[in-house]
Amino acid sequence: MQRAHLVAAFLTFAALCVGVSALSVSRDRHATLEQARREFAATAHLLDEHASRAIESGDTQLRMLLAELERWDRRDSAEGQRIQAAMRARAERLPQIGGVWALDAQGRLLLDSAEHPPPPRDLSGRDYAQAHLGVTQGPPSTLHVGSHLPAGAGVSQGRFTISRALRDEEGALLAIAVAGIQNTYFSQMYGEAGWGEGARLALFTSGKEKLAEWPPDSAVAPPSAAWPQPWDPPDSPAIVEGTQITAARMLTGFPIVVVASRPLAEVLAPWRERALWTTAVSGGILTGAAVLFVFALAGARREEAVRAELLRANQSLDDRVRQRTAELEKALRSAEMASLAKMKVLATVSHDLRQPLQGLAAFHELLLKEAPNPTLKQLGAMASASLQAGQRLLDDLLTLSRLEAGVVPVEVGVFPLAPLLEQLAAELRAEAEGKGLRLTVMPTKAWVRSDPARLQPILRNLLSNAVKYTARGGVVVGARRRGDALRVEVWDSGQGIASAELGTIWEEFYQIGNPARDGSRGAGLGLSIAERTARLLGHPLEVRSRVGRGSVFAVTLPRVPAPAVPASASVPPPAASTAEPASLGRLSGRRVLVVEDDPLQRSSLTLLLEQAGAGVMATDSFDSALAAAQATLQAPSAILSDYRLPGGTDGLSGIQTLRGVLGRDVPAILLTGELSADLVRAAKDAGCLVLTKPAAPNRILSTLAELTAGADAAA
C-alpha cells in the first residue's frame with residue numbers, strides 16, 4: 001500500500017512538473033510573439049511616418065509647381081527659365097527627390113529640373129501621363145503614384161513617380177506635374193533600422209506594385225493576410241503569415257503601403273533558448289525525484305544505505321545550487337554590462353539625433369526670416385511645432401530609458417515646498433486662464449526632504465495634465481500632513497478617469513481619449529516617467545477619480561521641521577521659453593568663436609550669428625581656433641563650442657585650454673546633445689553655460705547677448 005502511495009505521489013509530481021513546464025514554455029512563446037507583433041506594428045508606424053513625410057515633401061513641390069504653371073504665360077521664356085531654376089533648387093534641397101518635370105496637355109515634356117530648355121520628348125505613354133490624360137474632363141485628380149523607373153540614361157538610381165494634374169475651371173487638362181522619388185532614399189533608411197538579418201521592408205502601391213525595398217533585390221512580395229483593409233483600425237498589430245511575422249500600414253492620405261516582415265524563426269530564437277533551459281531544469285528536477293523514489297522503495301533494511309545516498313544526493317543538489325547561483329551571478333554581471341552598454345547607446349543616439357535637429361532649427365529660423373510668403377510662414381510655424389514635438393518625444397524616450405537602466409542620479413536635500421509650487425503654477429497660469437480655469441495654490445510653510453530637480457517634473461506633469469484635461473471649473477494644489485509625511489495633492493474638475501483605466505494610465509504610450517494617437521496631445525510618456533521617478537525617490541504616487549467629476553493625484557513626501565535659519569531653496573529654474581524675441585543687432589561689434597566639427601552645423605550657426613550682427617570665426621577644432629587667435633592677436637568676445645569633437649578632444653577641455661592661452665575667462669557656451677549630469681556639473685565648475693541640442697536659435701542669440709553684455713560691464 002505504501003509503495004502504491006509512493007508511485008501515485010511520484011506520477012502526480014511528474015505530471016505537475018511536466019504540465020507547469022509546458023505551460024510556462026507555451027505562455028513564454030505567446031508573450032514573445034505578442035511583444036514582437038507590437039514592436040513590428042510600432043516600427044511599421046515609424047516607417048509610415050518617415051515615408052509620409054518624404055511623400056508629403058514631394059507633393060508640396062508638385063503643388064508649388066502647379067501654382068507656378070497656372071500663372072505662367074508660356075510665351076515668356078524668361079519666366080519658364082525662372083520656374084525651372086526654382087524647380088531645380090527645391091529638388092536639390094530634398095534628398096528624396098530625384099527630379100521634377102512638367103508635361104503639357106498632350107503629354108509632351110514642358111519643363112525639366114535637370115535642364116532648360118528641355119529636349120523635345122513625348123512622354124504620353126508613361127503611366128503617370130496616362131493616369132491624367134485618360135481623364136479629359138472633371139475635377140482635379142488626386143495624387144497619383146506611378147510605377148518604378150529603373151536607373152538608365154540620365155538617371156543614376158532607381159525611382160518611382162508621384163504626379164498631379166492642373167485643370168482649368170471647366171475641368172480641362174492644362175498640365176501635369178511629376179516628381180521622381182529616389183527609392184534608395186527609403187532603402188538607406190530601412191537598412192539602418194537595426195533589424196535582424198532576415199528582415200524585409202518595402203513600399204508598395206495600393207495596387208501591390210513594389211516601389212522600394214530593403215535589402216536591395218530581395219524579392220519582397222506583398223503580403224496577403226496582413227495587407228491593410230479600409231476597415232482595419234490604424235493601430236492593428238502585426239500578424240503571423242506563414243513563416244513570417246508581418247506588419248503593413250497604409251500611409252495616411254497616400255495610396256502607398258509600408259510592409260515590414262521578419263522570419264518567425266528569427267523572432268522565436270530567444271524563446272527557443274529559454275525553452276531549452278526550462279526543459280533542462282524540469283528534467284533535472286524529475287531525475288532527482290526519481291532517484292529519491294527508488295531509494296524510498298528500498299525499505300527499512302536499506303535505511304542506512306538510503307541515508308548515505310540521500311546525503312550524496314543532497315551534496316549533489318548543493319553543488320547544482322552553487323553552480324546555478326554562480327550562473328545567476330554571471331548573468332547579473334552580464335545584465336549590468338548590458339545596461340552600461342545601453343547607456344552608451346543612449347548617449348550616442350541622443351547626440352546623433354540632436355545634432356541634425358540643431359542645424360534644422362537654425363536653418364528653419366533663417367528661412368522663416370527670409371520667407372515673404374505668408375503660406376511659407378504658416379508652413380514654417382507648423383514645421384516648428386513638429387520639430388518641438390519630436391524633441392519632446394526624444395527627451396521623454398531617453399529619460400524613460402535612463403530610468404529603466406537605473407542610472408539617474410539623485411541629490412536629496414531639504415527645501416521649502418511653497419516656492420516650487422508657486423513656480424509651477426506661474427508656468428501654467430496663462431494656459432489655465434486661457435481656458436477660463438481657476439488655478440489655485442493653497443499656502444503652505446512645510447519643508448520636505450527630496451531631490452528638487454527630480455520632484456519638479458513629477459509635480460509639473462500632474463499639474464499640466466490637470467489643466468489639459470479640465471474643460472471648466474478649476475485646479476487646486478495643496479499639501480496635507482500625514483504624520484511625518486506631507487501629501488501634495490492636485491485636484492481638478494475635469495473629465496475623470498474610469499476605474500478600469502486607473503491601473504493602466506502609468507503605462508508607456510497610454511493616453512485616455514486619444515485612440516487616434518494625435519501627436520499634438522503628447523506621446524503618453526509623462527505619467528510613466530513621473531511614476532518611475534517617484535519610485536526612484538521613494539515617494540508613493542496615488543490617484544483617485546470619478547468620471548465626470550474630476551481626479552486627485554497625490555505624491556507623499558518626507559516632511560522635516562523648518563530650520564531656524566532658512567537656507568536658500570534649491571529649486572531648479574523654469575524651462576526657458578523658445579518663443580523669445582529675436583536678438584537682431586544685439587551682437588553687433590561682438591566676435592564669436594564657433595568650434596563645430598560638423599560642416600552643416602557650423603554653417604547654420606555662422607549664418608545665424610552673422611544675421612544677428614556678430615563677427616564669426618568658425619573652425620572645426622580648438623587647434624585651428626588657437627592658431628587663428630594667435631595670428632590675429634585678438635581674443636573673441638565669446639566661445640560657442642560643440643562638446644564632441646574629433647581627435648579625442650572635447651569642447652569643455654578645449655575651452656579651458658584656450659582660456660589659459662588667452663589669459664582671460666572668455667564667456668563660453670557648450671552646445672551638446674549629451675544628457676549627463678556629470679557633464680553639467682563639470683561645465684558649471686568651469687564657468688560654462690550648457691545648452692542642450694536642439695537649442696532654439698533665439699535662445700542661443702539671447703544667451704550670447706547676455707554673456708557678452710555682462711563681460712563688457714565687468715570689463
Counting N and O atoms only, with roles assigned by atom type, does the side chain of S57 sit under 3.5 Å from a partner on the main chain of R53, one being a donor and the other an acceptor?
yes

Counting only heavy atoms not in R121, do more than 12 sit closer than 6.0 Å to its CZ atom?
no

Are the side chains of I55 and L251 in touch, meaning some heavy atoms are under 4.5 Å apart?
yes

Below 4.5 Å, heavy atoms only, C-beta onward: do V616 and L593 meet side chain to side chain?
no

In the structure I gave you, are the side-chain heavy atoms of L671 and Q601 within less than 4.5 Å of one another anywhere?
no

Quick one, F204 with V145, criterion side chain to side chain contact (heavy atoms under 4.5 Å, CB included). Give me CA distance, side-chain angles, the key distance, then yes/no.
CA-CA 10 Å; F204 292 91; V145 180; over 6 Å; no

How far apart are the closest heavy atoms of M87 and S113, and which atoms are they?
CE-N, 3.7 Å

Taking 4.0 angstrom as the limit, do R90 and E68 come out as a salt bridge?
yes

Please lay out, stage by stage, how S621 and D623 fare under the test side chain to side chain donor-acceptor pair (under 3.5 Å).
CA-CA 5 Å; S621 67; D623 292 338; 4.9 Å; no

What heavy-atom pair brings L701 and L609 nearest, and what distance separates the two atoms?
CD2-CD2, 3.8 Å

Check: Q130 side chain, S124 main-chain N or O, donor-acceptor pair, under 3.5 Å
yes

Partners meeting side-chain hydrogen bond (donor to acceptor under 3.5 Å, both in side chains) with R602 (sequence neighbours left out):
none

Applying side chain to side chain contact (heavy atoms under 4.5 Å, CB included), run through L707 and L689 and close with a yes or a no.
CA-CA 9 Å; L707 284 179; L689 289 179; 3.8 Å; yes

Atom OG in S261, atom CD1 in I239: separation rounded to 0.5 Å?
11.5 Å

Are side-chain N/O atoms of S637 and R591 paired as donor and acceptor at under 3.5 Å?
no

Test of understanding: with side-chain hydrogen bond (donor to acceptor under 3.5 Å, both in side chains), list the residues that count as partners of D76, not counting sequence neighbours.
none

Min side-chain heavy-atom separation D650-L645 under 4.5 Å:
no

Quick one: are H116 and L111 in side-chain contact, heavy atoms under 4.5 Å?
yes

Any side-chain heavy atom of I83 within less than 4.5 Å of one from L65?
yes

Give, for atom OG1 of T161 and atom CG of D127, the distance between the pair rounded to the nearest 0.5 Å.
5.5 Å

Are any non-hydrogen side-chain atoms of R699 and L691 less than 4.5 angstrom apart?
yes

About how many Å separate CD of Q61 and CZ of R93, when rounded to the nearest 0.5 Å?
7.5 Å

On a heavy-atom basis, which atom in V100 and which in A91 lie closest, and how many Å separate them?
CG2-CB, 4.2 Å

Report yes or no: does E596 contribute a side-chain atom to a donor-acceptor pair with the main-chain N or O of D598 at less than 3.5 Å?
yes

Restricting to non-hydrogen atoms, name the atom on R167 and the atom on G171 that form the minimum distance, rounded to 0.1 Å.
NH1-O, 3.2 Å

Evaluation steps, side chain to side chain contact (heavy atoms under 4.5 Å, CB included), between V594 and T619:
CA-CA 6 Å; V594 176; T619 65; over 6 Å; no

Nearest 0.5 Å please: distance from the CD1 atom of I176 over to the CG atom of L109.
11.5 Å

At their closest point, which heavy atom of S163 faces which heavy atom of Y128, and how far apart are they?
OG-CB, 3.8 Å

For residues D112 and Q84, report the shortest heavy-atom separation together with the two atoms involved.
O-CG, 3.0 Å

What's the separation between atom CD1 in I256 and atom OG1 in T205, rounded to the nearest 0.5 Å?
8.0 Å

Separation between CG (L62) and CZ (R164), nearest 0.5 Å, reads 7.5 Å

Given L203 and V257, is the side chain to side chain contact (heavy atoms under 4.5 Å, CB included) satisfied, shown in steps?
CA-CA 6 Å; L203 285 181; V257 175; over 6 Å; no

Taking the side chain as everything from C-beta on, heavy atoms only, tell me whether D104 gets closer than 4.5 Å to R74.
yes

